[in-house]
Amino acid sequence: PFRLLHDALLQRFRRIALPHADQHPLQLRGLVQGSAEIFLQIVKIDGFRGGTGAAPTRIQTYVDRRYADEILPLYVCMHGGGFICGSGDFDDKYCRLTALHVKCRVINIDYKLAPEFRFPYQLTECYETIRWAVRHHEELKIDPDRIMVGGHSAGAGLSTGLAAMAACERDFRICGQVLDYPPVDFSKAPYWTEVPEGLDLENKDYESFFNMCYLKNADDGGGCFYK
């Protein structure tokens, strides 16, 4: 079964030393070489699959070369960006590290952005991508009974919606989630949200702007991603 991704990734990040001005160039070369090894060890395929009515969906797949011929669990990653910006390329290194240290295949979904594509387009696009992967699990060498979803910010929010949608539709089963600061409640404007002590979130109009771009109307913010 899956180990918790955060445990594996945090251990990796804690071992990464940042360069200092007083370091010798040879030390810095060692840091760069260590980063390069991550890219050499992981097989990445960048391509497209049939889209959700408008255009094909770009996906990036990752797997450790050592396990490329094995049937592996699947981790599906969705990037952040408030639903209106960002791309799958933002999470390239995160996906490589996940494939390297968790022993799984990774699919990174470069979903389409709002306001050109508003809710629930992204949710449906990501759901159909996972359903496509499950239907092609033998070809993709993934275990359809071991699927996790996750991401940062908007991607984490989509993951919560995907878990609810999968439980209702029953096309596949999601066995776990990795949620990094997910937005999950659009039922009230962000300025009504209580701010934890010590957290600087003064410009909440910024967050309201993301909601306005993502949702078609106020009824879409009814507290759940999938109805």
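Counting begins at 1 with the first residue of the sequence. Fair warning: this is a prediction, and the values are worked out from it, not measured in the lab.
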Can you find a pair of side-chain heavy atoms, one from [X] and one from [Y], that are under 4.5 Å apart?
X      : Y      : result
Phe83  : Cys213 : no
Arg96  : Leu100 : no
Val102 : Tyr75  : no
Leu113 : Ile84  : no
Gln122 : Lys112 : no
Ile130 : Val149 : yes
Cys95  : Gln60  : no

With rounding to the nearest 0.5 Å, note down the distance linking [atom1] in [X] to [atom2] in [Y].
X      : Y      : atom1 : atom2 : value
Glu169 : Asp171 : CD    : CG    : 6.0 Å
Leu140 : Ile107 : CG    : CD1   : 6.0 Å
Leu162 : Met78  : CG    : CE    : 5.0 Å
Ile147 : Ile142 : CD1   : CD1   : 5.5 Å
Tyr62  : Cys104 : OH    : SG    : 12.0 Å
Thr160 : Met165 : OG1   : CE    : 12.5 Å

- request: Kindly indicate, with the supporting measurements, whether the criterion side chain to side chain contact (heavy atoms under 4.5 Å, CB included) is fulfilled by Tyr214 and Arg118.
  value: CA-CA 5 Å; Tyr214 179 55; Arg118 294 177 183 265; 5.8 Å; no
Give a yes or no on whether the backbone of [Y] and the side-chain of [X] come within a donor-acceptor separation of less than 3.5 Å.
X      : Y     : answer
Arg105 : Ala99 : no
Ser153 : Gly80 : no
His101 : Leu97 : no
Asp110 : Gly88 : yes

Minimum heavy-atom distance Cys85-His79, with the two atoms named: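 Where Cys85 meets His79 most closely, the heavy atoms are O-CE1, 3.5 Å.
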- prompt: So, for Val134 and His137, which heavy atoms are closest and what is the spacing to 0.1 Å?
  reply: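 Smallest heavy-atom distance, with atoms named: O-ND1, 2.8 Å.
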field: Any donor-acceptor N or O pair under 3.5 Å, side chains Glu125, Thr57
entry: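 Distance-only check passes for Glu125 and Thr57.
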message: Measuring centre to centre across the rings, with the benzene-like ring taken for any Trp, is Phe90 within less than 6.0 Å of His152?
response: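 They do not qualify: ring centres at least 6.0 Å apart.
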Residue pairs fulfilling salt bridge (charged side-chain N to carboxylate O under 4.0 Å, His left out) with at least one residue in residues 151-167, sequence neighbours excluded: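 Checked against salt bridge (charged side-chain N to carboxylate O under 4.0 Å, His left out) - neighbours excluded - no pair reaches residues 151-167.
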query: What pairs meet the salt bridge (charged side-chain N to carboxylate O under 4.0 Å, His left out) rule with one or both residues in residues 79-91, with sequence neighbours excluded?
result: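 Listed once each, the pairs are Arg58-Asp89.
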- request: Apply the test side chain to side chain contact (heavy atoms under 4.5 Å, CB included) to residues Ile109 and Cys77: give CA-CA distance (whole Å), side-chain angles for both, the deciding distance (0.1 Å), then the verdict.
  value: CA-CA 6 Å; Ile109 304 178; Cys77 177; over 6 Å; no
- prompt: Is the count of non-hydrogen atoms from other residues, nucleotides or ligands lying under 6.0 Å from Glu138 atom CD greater than 12?
  reply: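 Result for CD/Glu138: open.
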query: Which is it for Tyr111 and Tyr127 under the ring pair (Phe, Tyr, Trp, His ring centres under 6.0 Å) test, yes or no, and what are the steps along the way?
result: CA-CA 11 Å; Tyr111 58 85; Tyr127 184 88; over 10 Å; no
query: Under 4.0 Å between a Lys/Arg side-chain N and an Asp/Glu carboxylate O for Lys44 and Asp92?
result: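 Between Asp92 and Lys44 there is a salt bridge, with a charged N closer than 4.0 Å to a carboxylate O.
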Cut-off 3.5 Å, no hydrogens considered: what does the side-chain donor-acceptor table look like for residues 66-74, sequence neighbours left out?
from, atom 1, to, atom 2, distance (Å)
Arg66, NE, Asp64, OD1, 3.2
Arg66, NE, Asp64, OD2, 3.1
Arg66, NH2, Asp64, OD2, 2.6

